Every structure is written in structure tokens, then in C-alpha cells.
Colleague: 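Below is a structure I'd like to ask you about.
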2 protein chains.
Amino acid sequence: MRDDASDCCEYKPHHMERFLEVCLLLLLYDEVGYGYGLIEQLSSFGFSEPDLNVSTLYRTLRKMEKEGLVTSLWESGGQGPRRRVYEITTSGRQNLDAWVKILKMRRTRIETLVGAYDKKVSSKNVEQ
Amino acid sequence: MRDDASDCCEYKPHHMERFLEVCLLLLLYDEVGYGYGLIEQLSSFGFSEPDLNVSTLYRTLRKMEKEGLVTSLWESGGQGPRRRVYEITTSGRQNLDAWVKILKMRRTRIETLVGAYDKKVSSKNVEQ
DNA sequence: CTAACTATATTCATAGTGAATATAGTCTAT
DNA sequence: ATAGACTATATTCACTATGAATATAGTTAG
């Protein structure tokens, strides 16, 4: 039924709601990009290869387009299969700004919890 | 000023996957608690009244019990309606330890992204 | 008795995700 | 040319987590 902490650790640390979306907005902030190519760039935000789900990436990009955060068009001439190239919109940049604020709030809340944890656990250790 | 990107801000900042569960484990770390009473205590972790969904709270507690992180029993004699009182287990404490590590990773990833954002946007502002 | 309050629980609908699979064009070696 | 590897995008299925609304029921105050 439960395997102690293993239960929890199967739960992947990178799984943070909407985090991928914000990373994509930032990557597209000042240059266009396409799905497959963005995968490599995402490694700078801690998405290691097995972590990143390709279907999630494409799904997210299409959703962002539907919401008007990016626009896309098929790359005209290039080598290899055609690419759907995404460009950020003004709305997308505003959305990024707002998301960064939310992420800062999340960070604050995590810090509060971690602080309370450290205090509680260390005081627990002092108590014989 | 602007509406803080109204689109995005409908998406509530407190909504962080599994965060409630970790807060509950910490609150129960050294003393028992029951659902309704935990609501007030959760305010110290940034759950303001309208933010906290009561059904989510009870659902989460029952799930935690099913997973062996807490045990519960009905409070014997007291005033008011009977309460289901929860107590953390050893497994629950281990689970909390593991979750705190994950939260630290999340915090690090948020910091990386926020740092990259600040850098990109400020360089954007300097550029004429 | 009735209304307000405390306390717990369940149902319904939705969002986000991962795994697996589908589709299809391009390139390389034979 | 053609088979196989690779690039690139997209969809389906199953599952988890959540919010809103509602249900259930005992307790207390007027």
C-alpha cells in the first residue's frame, strides 16, 4: 500500500503546475522558437531529458496559441521536416510578467513552509 | 494600473500541487488535529479564507489516511459535533521529509526562472 | 421548536499531466 | 529506389488534483 517515502518520491519534483508554460514564454520572450528546438533550451530550466514530456510540450504550445499568448506559422524553407514556429505576443509578455509575480508568491510560501519545518524539526532534535 | 494580467491572475497563486498536503503533515507533526480546526492553522501558511477549499481539505486528509501517512479516530467526549482527529504516523513524518526536499527543488527552479526573467527583461529595458 | 453553527463527506465538472501511439516528411547508406 | 534512422508535430487514454456546490447530521442558542 505505502512504501514510506518512495510513494512520495515517485512524485516528480519538476512537476509544477504551469511551470512549463512560464518557461516557454520566457524562452520565446525575445526570439522565435519551435517545439522540438525548445526542448534543448528547456534544459536550462532544469528539465532533464526524461523529465520533459514531449506531448505535454506540444499540447502546451497549442493551448498558448489558442489563448493568444503566442502565434505560429509553418516555417517556409529549411532543411528537415517543416516546423511550426512560435512567436510571443504582447499579451504573452504581459502574461509572463503576471506569472513571474505568481511564481514569486509561490517561492515565498515554500520558504515559509520550509522555515517552519526546519524550526519544528530542529527543536524536535534538541528535545531529548 | 494594469489589471495584473487579468487572464492569468484568475489562476490562483495558492494553487500549488500537493502543497496543502505538506502543510497538513507539518501541522500534524507534533500535535493531533482535526479538519475544521486545521483550517485556522493553515492561515499561517498563506491560506486565506476564500483560498482554502473545505472539500479539498477533507478529501486530502482522508487520502492521507488511506496512504498511511496519518491515522484518525473519532473524538470521544467533547462539546459540539464529534470530530475526526488525525495523528501523524512515522511514515507520515518520513513523507514530510521527502516532500520538503522536493519543495526545496521547486524553490530552486523558481529562483532560476525568476533570475533569468529579471536578466532578460532588464537587458531589454536597457536596449534602446 | 427552529435557526444558526460546527463538522465531515460526497458528487460533478474541469485542468494538467505522462505514457503511449499516430502521422508524416527528410536524410543517409546501400 | 528503398529501407531505416531521424526530425517534428499531434492525438488518445488514463489518472491525479482541484473547486464549487451540495449533502448529512449533530449541537447550541433564542
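Everything quoted here is computed from the prediction, not taken from an experiment.
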Colleague: Nearest-Å distance, CG (A:Leu57) to P (D:dA10)?
Modeller: 10 Å

Colleague: Rounding to a whole Å, what distance do you find between B:Asn53:CG and C:dA9:P?
Modeller: 15 Å

Colleague: Measure from CD on B:Glu21 to C1' on D:dA17 and round the result to the nearest Å.
Modeller: 10 Å

Colleague: Should the pair A:Arg93 and A:Tyr29 be classed as cation-pi, given the thresholds of under 6.0 Å to the six-membered ring centre and 45° from the axis?
Modeller: yes

Colleague: Counting distance alone, no hydrogens or angles: does the base of C:dA19 have a donor or acceptor under 3.5 Å from a partner atom on the side chain of A:Ser55?
Modeller: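 Side chain to base: pair found, below 3.5 Å.
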
Colleague: Just the rounded figure in Å: distance from P of D:dA10 to NZ of A:Lys63.
Modeller: 16 Å

Colleague: To the nearest 0.5 Å, tell me how far A:Leu103 CG sits from A:Met105 CE.
Modeller: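 The CG atom of A:Leu103 sits 9.5 Å away from the CE atom of A:Met105.
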
Colleague: Which atoms of nucleotides 1-8 of chain D (N or O only) lie under 3.5 Å from a protein N or O atom, and what are those distances?
Modeller:
residue: D:dA8; atom: OP1; partner: A:Arg83; partner atom: NE; Å: 2.7
residue: D:dA8; atom: OP1; partner: A:Arg83; partner atom: NH2; Å: 2.5
residue: D:dA8; atom: OP2; partner: A:Tyr34; partner atom: OH; Å: 3.4

Colleague: Separation of A:Leu24 atom CG from D:dT9 atom P, in whole Å?
Modeller: 13 Å

Colleague: Check the distance between D:dT16's P and B:Leu20's CG and give it to me in whole angstrom.
Modeller: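 Computing the B:Leu20:CG to D:dT16:P distance gives 18 Å.
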
Colleague: What integer distance in Å separates A:Arg62:CZ from C:dG16:P?
Modeller: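 After rounding, the gap between these two atoms is 17 Å.
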
Colleague: Looking at residues at least two apart in the chain, or sitting in another chain, which of them share a side-chain hydrogen bond (donor to acceptor under 3.5 Å, both in side chains) with B:Tyr117?
Modeller: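 Residues passing side-chain hydrogen bond (donor to acceptor under 3.5 Å, both in side chains) with B:Tyr117: A:Asp97.
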
Colleague: D:dA17, C:dG18, D:dA10: which one has an atom nearest the side-chain heavy atoms of A:Thr56?
Modeller: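 Among the listed nucleotides, the one closest to the side chain of A:Thr56 is C:dG18.
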
Colleague: From A:Leu20 CG over to A:Leu42 CG, what is the distance, rounded to the nearest 0.5 angstrom?
Modeller: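 A:Leu20 atom CG to A:Leu42 atom CG measures 6.0 Å (nearest 0.5 Å).
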
Colleague: Can you measure B:Arg18 atom CZ to C:dT17 atom P for me and round it to whole angstrom units?
Modeller: 15 Å

Colleague: If you assign B:Arg59 and B:Val54 each to the DNA chain D nucleotide with the nearest heavy atom, which residue ends up on the more 5' nucleotide?
Modeller: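 Of the two residues, B:Arg59 wins.
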
Colleague: Could you state the interatomic distance from CZ (B:Arg109) to CZ (B:Arg106), rounded to the nearest 0.5 Å?
Modeller: 10.0 Å

Colleague: With rounding to the nearest 0.5 Å, note down the distance linking CG in B:Leu69 to CG in B:Asn95.
Modeller: 4.5 Å

Colleague: More than 12 non-hydrogen atoms from neighbouring residues, nucleotides or ligands closer than 6.0 Å to CD on A:Glu40, yes or no?
Modeller: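 For A:Glu40, atom CD is not crowded (no more than 12 foreign heavy atoms under 6.0 Å).
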
